[in-house]
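Read through the structure below, which is laid out as structure tokens, and then see the notes.
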Amino acid sequence: MPAVVVLGAQWGDEGKGKATDQLGDRTDYVVKFNGGNNAGHTVVVAGEKYALHLIPSGILTPGVVPVIGNGVVVDIEVLFEEIDALEARGVDTSGLLVSSAAHVIAPYNRTIDKVTERFLGSRRIGTTGRGIGPTYADKINRIGIRIQDLFDESILRQKVEGALATKNQMLVKIYNRRAVTVEETVDELLRFAERLRPHVADTPLVLNQALDEGKTIVFEAGQATMLDVDHGTYPFVTSSSATAGGACTGSGVGPTRIDRVVAVAKAYTTRVGEGPFPTELLDADGDRLRESGGEYGTTTGRPRRTGWYDAVVVRYAARVNGLTDLVVTKLDVLTGWEKIPVCVAYDVDGTRFDEMPYDQSDFHHAKPVYEYLDGWTEDISQARDFEDLPAAAQRYLLRLEEVSGVRVSSIGVGPGREATIVRHQLLD
Ligand code: GDP
Ligand code: IMO
Ligand code: MG
């Protein structure tokens, strides 16, 4: 009856969606606990590709209850676009539960996200422009709009009025945009309220009762450890808690009830948006990784920055998340390289760092210290057991396990649900 967190060890897009989907037939609930439609999870089932943003990846397994937790920020229009697109493809979304305490992305926050990025110029974060940061800022500032506010129009109106008092000053006086009216904002927020109503629930109660009954829950993170607002490469991060603790605050399930914390890591590294990335390849090798890995964003279509596996990052993720297992994805993408560098430490202006520097400027100056492992040329996409892999690929994984400090429990050798090697079951 376990509760398992699945999160990203790097800068996102590690393949969390696929890893979560794979646990679908062993779990009763899949809970998204942070982020919003900045996330993009591609899941391939029987050759059919699904791009999920707001709805947890468990939706693709009949019988699993997908839950949007209180820690998520919800763009209601996007939610229903996603629901409609899934329903049109025959996926039943009627069981979806949405926390009454989740915050709503108001239309003015989408605008503010885009204009603040423009004003930051060269200091921009490279956000997805979905209004994520301003919505979490409103939550912390206590001027946010929550799902439950949509069912009391007079409270909603008061809250929108309160928020717009300062938002409009910002929009008009700082950013030279037009003011928005309370009326248009309330109308837009209420557009889907009645459709949403049957999905709204006291999700912390539902989830804790489910655990009491011996049910299984997978908590699926958006983003990743290095994008976490506390533990990531601040300020080049998202605005939510994408690490294991976020699974508790973002769902209302206490830490004593979590049994395992699984991180997903690519066999190399990618990043979208701005910010430091020590193993980044800015040459033809980087282009080769991008093309062979199909490294273009699921949400924004932006080319992802690419680089070698960084064990310092994954060791750090192991520490701040208390990892029990690692899922290494996209091993197939590395087929054909003669030597594969793995970063085991950093050199910062002549000083060796075996662990993540706590000072951000040191991290900005970190140069990777590489170990060069032997590559392989055999197609591994059909491998289903560890022993099916060429000896060099096995050695690569065993070395990743050693330098990352966490056991490799599962290995991805292709985008499809079936293209996976399981060494240790993540849910027994
Ligand atoms: P997420 O945001 O962590 O869920 O990851 P994304 O879906 O944004 O990006 C991962 C991409 O890699 C998707 O296109 C997946 O279909 C694909 N993928 C996942 N695992 C594997 C794998 O083992 N091999 C290959 N070739 N592709 C994979
Ligand atoms: P998944 O769940 C990769 C990045 C953005 C930007 C920074 C802040 O698919 O792994 P935001 O819009 O969140 O304020 O942008 O975070 N980012 C992601 N990068 N994968 C994601 O999600 C991301 N979600 C946000 O590119 O650098
Ligand atoms: Mg993604």
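Just so you know, ligand 1 is whichever comes first in the structure, and atom 1 is the first atom listed for that ligand.
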Is A224 near ligand 2, meaning one of its heavy atoms is under 4.0 Å from it? no
Heavy-atom contacts under 4.0 Å between L227 and ligand 2: side chain, backbone, both, or neither? side chain
For K16, is the nearest heavy atom under 4.0 Å from an atom of ligand 2? yes
Short version for D13: what comes under 4.0 Å of ligand 1, heavy atoms counted, is both
Taking the minimum heavy-atom distance to atom 11 (C) of ligand 1, which of K330, K18, E220 ranks first? K330
Is G414 in contact with ligand 1, taking contact as a heavy-atom separation below 4.0 Å? yes
Where does W11 meet ligand 2, judged by heavy-atom distances below 4.0 Å: at the side chain, the backbone, both, or neither? backbone
Does the N or O separation between G12 and ligand 1 drop below 3.5 Å for any pair? no
Which ligand 1 atoms, with their elements, are less than 4.0 angstrom from a heavy-atom of G412? 23 (O)
Check V237 against ligand 2 and report side chain, backbone, both or neither, counting heavy atoms closer than 4.0 Å. backbone
Work out whether the distance between some heavy atom of Q10 and some atom of ligand 1 is less than 4.0 Å. no
Applying a strict 4.0 Å limit to heavy atoms, is G8 in contact with ligand 1? no
Note: V413, heavy atoms under 4.0 Å from ligand 1, region reported as backbone
Would you check if the side chain of Y108 reaches a backbone N or O of T185 as a donor-acceptor pair within less than 3.5 Å? no
Is V333 close to ligand 1, meaning an N/O of one under 3.5 Å from an N/O of the other? no
At what distance is the nearest protein heavy atom to atom 13 (C) of ligand 1, and which residue and atom is it? T42 CB, 3.6 Å
For ligand 1, does T298 get within less than 4.0 Å through its side chain, its backbone, both, or neither, judged by non-hydrogen atoms? side chain
Would you please determine whether G8 falls within less than 4.0 Å of ligand 2 on a heavy-atom basis? no
Below 4.0 Å from any atom of ligand 2, is there a heavy atom belonging to T299? no
Check for a donor-acceptor pair, side chain of T335 on one end and backbone N or O of D379 on the other, with a separation under 3.5 Å. no
Go through ligand 1 atom by atom and flag the ones less than 4.0 Å from a non-hydrogen atom of G17. 4 (O)
Proximal ligand 2 atoms for G222, defined as those under 4.0 Å from one of its heavy atoms: 2 (O)
Angle between ring planes, F277 versus W11, binned at 30° and 60°: parallel, tilted or perpendicular? tilted
Within ligand 2, which atoms have a heavy atom of G126 less than 4.0 Å away? 5 (C), 6 (C), 26 (O), 27 (O)
Any atom of ligand 2 sitting under 4.0 Å from a heavy atom of R130? no
Of the side chain and backbone of R302, name the one, both, or neither that has a heavy atom under 4.0 Å from an atom of ligand 2. side chain
